[in-house]
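Structure first, then comments.
As the structure is a computational prediction, the values presented were derived from the model and not from experiment. Convention: sequence-line order gives letters A, B, ...; per-chain numbering from 1.
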There are 2 protein chains.
Amino acid sequence: MLRLTKRSEYGLMALAYLAARPGVYCSVREIVARLGTPRRLLAEVLKALSQAKVVEATRGPGGGYRLKRPAEELSLTLVISILEGPIQVARCASDNGCDFQDICTIQEGIGEVAAKIQTVLDAYTLADVVRARDEKLAGSSATIGAPQSRLAAEA
Amino acid sequence: MLRLTKRSEYGLMALAYLAARPGVYCSVREIVARLGTPRRLLAEVLKALSQAKVVEATRGPGGGYRLKRPAEELSLTLVISILEGPIQVARCASDNGCDFQDICTIQEGIGEVAAKIQTVLDAYTLADVVRARDEKLAGSSATIGAPQSRLAAEA
DNA sequence: TGAAAGAGCACTAGATAAGTGCTAAATATC
DNA sequence: GATATTTAGCACTTATCTAGTGCTCTTTCA
């Protein structure tokens with residue numbers, strides 16, 4: 001249905017939270033208290049992000065998660081593929097190929113569209129997510145500053 | 001999972017088929033014979049497209065469906081929203097709003113991304129799908145027998 | 001009048017997503 | 001060293017969405 005899963009949403013929300021507290025370990029308990037997401041589910045999501053080296057974890061009191069890489073380097077493509085598996089807009093465009101192979105009339109077209117969407121997701125980073133939020137918080141008359149990633153420049 | 005449903009895939013395949021036979025009524029039986037899609041399901045899809053005035057139908061022998069509007073006017077956004085309902089990349093960005101409202105940290109960012117994806121889908125039409133295929137066919141005489149399951153478009 | 005074709009209705013099964021419970025292992029603090 | 005805190009790991013349940021199908025009615029052409 002061309003929609004992100006809750007895993008991705010929760011993951012991005014948590015990452016945005018961590019991005020606002022660079023270097024500080026934040027526990028799942030703390031994040032959940034703030035975001036209101038289901039606790040166990042967010043724990044799973046962060047575990048996955050930890051295994052993928054996007055965040056790093058320490059255990060014990062005062063432990064938790066923090067970003068392992070700068071927000072500018074974390075594209076939506078990366079985060080989503082970690083939390084949902086590889087992005088494939090249509091089965092047509094997947095490596096497995098579609099069920100119709102030779103006669104599929106839309107393979108190439110969908111492939112083009114999928115590539116364009118992929119480009120959007122590649123270019124949009126966690127830093128952009130944070131920036132978009134900050135601009136909103138700064139007020140509706142917020143000045144559009146310099147984009148933090150390539151994407152914001154193009155249409 | 002950020003993926004099109006079979007309904008959309010079948011719908012686009014059928015529309016591409018119809019686009020290649022302008023003005024001619026094509027029956028579900030005929031289209032299915034060519035595309036190999038499940039018959040009843042494609043019938044439902046075409047019915048929905050008919051109700052949405054994208055195609056028009058006549059009954060009886062010699063009847064079937066044909067495009068009601070030129071392929072250039074049929075955006076992916078239109079087709080997908082008819083077959084899957086309104087596109088919403090994340091619940092955040094929907095009219096209903098997300099479950100977290102005020103505290104959602106990614107609402108604005110996801111909204112931006114959703115808008116960009118929307119732009120891609122708005123701009124890409126059935127005519128483009130057909131064109132992409134024709135281009136592939138035109139250049140494939142030398143690569144007959146090459147696996148077509150490979151990702152078609154990289155650009 | 002009969003065959004062809006869409007229109008309408010409702011259901012089944014499978015896949016994916018969402019969410020939860022419990023236990024083990026690591027680590028800081030007292 | 002005991003204890004509380006916190007991540008890690010495992011398996012399961014439930015809900016929702018997706019895919020697919022059967023049957024009958026209505027329209028229309030020959």
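Partners of R3(B) by salt bridge (Lys or Arg N to Asp or Glu O under 4.0 Å), not counting sequence neighbours: none found. The side chain to side chain contact (heavy atoms under 4.5 Å, CB included) check on D134(B) picks up V130(B), with sequence neighbours excluded. In this view, S8(A) and E84(A) satisfy the side chain to side chain donor-acceptor pair (under 3.5 Å) rule, not counting sequence neighbours. For R34(B), the salt bridge (Lys or Arg N to Asp or Glu O under 4.0 Å) criterion is met by no residue, not counting sequence neighbours. Residues satisfying the side chain to side chain donor-acceptor pair (under 3.5 Å) criterion with T125(B), sequence neighbours excluded, are D128(B).
For the pair I80(A) CD1 and dA17(C) C1', the computed distance is 16 Å after rounding to whole Å. Rounded to whole angstrom, the span from the CG atom of L83(A) across to the P atom of dT16(C) amounts to 17 Å. In this structure, E9(B) atom CD and dT18(D) atom P are separated by 13 Å, rounded to whole Å. Atom CG of L42(B) and atom P of dG6(C) are 10 Å apart (whole Å). Separating the CZ atom of R7(B) from the C1' atom of dC17(D) is a distance of 12 Å, rounded to the nearest angstrom. dT16(C) atom P lies 17 Å from atom CD of E44(A), rounded to whole Å. What separates CG of L2(A) from P of dT18(D) is a distance of 11 Å, to the nearest Å. For the pair L41(A) CG and dT13(D) C1', the interatomic distance rounds to 14 Å; values are reported in whole Å.
Sorted pairs that involve residues 19-32 of chain B and meet salt bridge (charged side-chain N to carboxylate O under 4.0 Å, His left out), not counting sequence neighbours, are lacking altogether.
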Would you mind writing out the side-chain donor-acceptor pairs for residues 47-64 of chain B within the sub-3.5 Å range, not counting sequence neighbours?
unit_1	atom_1	unit_2	atom_2	d
E56(B)	OE2	R66(B)	NE	2.9
E56(B)	OE2	R66(B)	NH2	3.1

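Side-chain atoms of S75(B) and D122(B) form no donor-acceptor pair, as typed in the model, at a separation below 3.5 Å.
Taking only side-chain nitrogens and oxygens, R91(A) comes nearer than 4.0 Å to OP1 or OP2 of dA19(D). Listed pair Y10(A) / dG19(C) meets the phosphate criterion, a side-chain N or O lying under 4.0 Å from OP1 or OP2.
Side-chain contact check for Y124(A) versus V129(A): some heavy-atom pair is nearer than 4.5 Å.
A heavy-atom distance below 4.0 Å to DNA chain C is reached by these residues of residues 46-56 of chain B, ordered by number: K47(B), S50(B), Q51(B). The stretch residues 58-68 of chain A comes close to DNA chain C through R59(A), G60(A), P61(A), each having a heavy atom under 4.0 Å from the strand. Non-hydrogen atoms lying under 4.0 Å from DNA chain D are contributed by nothing in residues 21-31 of chain B.
Residues E135(B) and R131(B) are paired through a salt bridge, judged by an N-O separation under 4.0 Å between the basic side chain and the carboxylate.
Counting heavy-atom neighbours within 6.0 Å of R69(B) CZ, excluding the residue itself, gives a total above 12.
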